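Before any comments, here is the structure.
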Amino acid sequence: MRSPILETTPPRPFLKWAGGKGQLIAKYLPYQPQKFQTYYEPFLGGGAVFFHLLPKRAVLSDINPELINVYHCVREQVELLIEHLSIHQQKHSRDYFHQVRAKPGTTDLERAARFVYLNRVCFNGLWRENSKGEFNTSFGRYKNPLICNAELLRSVSAALQPVVLKAQPFESVLDAADNDFVYLDPPYHPLNPTSSFTSYSRNGFTEHDQIRLRELFVNLAERGVQVTLSNSDCPFIRELYSDFRVYTVPARRAINSKANNRGEVNEVLIVS
């Protein structure tokens with residue numbers, strides 16, 4: 001059941017995120033449970049499914065502490081964050097981008113504003129970290145990027161007020177989920193060796209991690225938790241979840257090093 005949040009600008013994802021689910025929400029609706037106590041999303045990213053559902057109770061988490069810090073700052077210090085982003089908006093240029101990318105902020109608010117700024121203006125909006133946890137995506141060629149959408153940030157801040165935010169690994173959802181709904185949207189298993197982008201954070205996401213995630217899925221399902229999971233449509237993933245309902249979902253690939261490799265591609269939605 002949705003929370004009674006009324007805003008001029010409805011809450012929606014404010015970050016660009018590889019694999020974001022905004023375009024697929026309508027295709028997921030037939031497979032989402034109608035009744036549950038708490039919504040859990042342990043691979044938060046841009047949060048498109050959360051912002052669509054707007055559940056009254058939610059626990060949103062991610063292994064990337066900088067991402068969770070952004071959500072904390074949007075919820076708790078939105079006006080100060082808007083001020084910081086307005087400064088980034090005024091100063092934006094290629095040189096300024098490289099200056100900001102090279103210098104992490106010192107306070108939570110500075111780091112959050114830096115995260116949002118780099119996300120909004122980098123190439124393809126692709127948040128990518130190296131093994132040291134350093135952001136390393138190149139400058140994006142946007143004519144007039146919208147860095148500070150104040151109305152949207154205020155709406156998102158209102159939507160996040162009742163939410164529990166945590167920086168933690170995905171297994172932690174096992175500690176609390178009971179008569180609830182868990183949506184899992186991990187970094188997708190690569191379809192081929194050249195599509196193996198998994199480094200949203202310094203930790204990456206390997207084949208072994210996909211197997212660990214399958215174990216979590218099974219554990220939750222056996223406890224009666226309602227679970228759905230998105231992933232790439234490939235033999236490895238289909239084999240992992242062969243004991244569950246697997247639905248094919250047409251999607252659109254937005255990120256690829258070669259423009260002619262972007263376009264329609266199938267994903268899978270696994271339902272407990």
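Predicted model only: the values in this text are computed from it and were never measured.
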Donor-acceptor under 3.5 Å ([X] side chain, [Y] main chain):
| X | Y | value |
| --- | --- | --- |
| Gln210 | Pro187 | yes |
| Asp209 | Thr206 | yes |
| Gln226 | Pro33 | no |
| Arg12 | Ala48 | no |
| Thr38 | Asp180 | no |
| Arg223 | Val218 | no |
| Glu267 | Ser232 | no |
| Asn119 | Lys16 | yes |
| Gln168 | Pro42 | no |
| Arg212 | Glu171 | no |

Write down the atom of [X], the atom of [Y], and the distance for their closest heavy-atom approach.
| X | Y | answer |
| --- | --- | --- |
| Leu44 | Asp62 | N-OD2, 3.2 Å |
| Ser230 | Asp185 | CB-OD1, 3.7 Å |
| Leu54 | Ala159 | CD2-CB, 3.9 Å |
| Glu207 | His189 | OE1-CE1, 3.9 Å |
| Phe217 | Ser272 | CZ-N, 3.7 Å |
| Ala221 | Phe244 | CB-CE2, 4.0 Å |

Open item on the list: Applying ring-ring contact (aromatic ring centres under 6.0 Å, His included), can you list everything that pairs with His92, at least two apart in sequence or on another chain?
Closed with: Tyr117, Phe139
Are [X] and [Y] close enough that their ring centers fall under 6.0 Å?
| X | Y | result |
| --- | --- | --- |
| Phe43 | Phe170 | yes |
| Tyr31 | Tyr247 | yes |
| Tyr183 | Tyr40 | no |

TODO: Kindly check if the number of other-residue, nucleotide or ligand heavy atoms within 6.0 Å of CD (Gln161) is above 12?
DONE: yes
TODO: State whether Phe97 and Lys103 meet the cation-pi test: NZ (Lys) or CZ (Arg) under 6.0 Å from the six-membered ring centroid, and within 45° of the perpendicular axis.
DONE: no
TODO: Identify which one of Phe50, Phe14, Phe115 satisfies the ring-ring contact (aromatic ring centres under 6.0 Å, His included) criterion when paired with Tyr71.
DONE: Phe14
Open item on the list: Less than 3.5 Å apart, any donor N or O on the side chain of Asp175 or Ser172 sitting next to an acceptor on the other?
Closed with: no
Task: Cationic N near anionic O, under 4.0 Å, Arg154 to Glu79 - done: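 Here Arg154 pairs with Glu79 in a salt bridge, since their nearest N and O are under 4.0 Å apart.
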Open item on the list: Under 4.0 Å between a side-chain nitrogen and a carboxylate oxygen: does that hold for Asp243 and Arg214?
Closed with: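 Salt bridge: yes.
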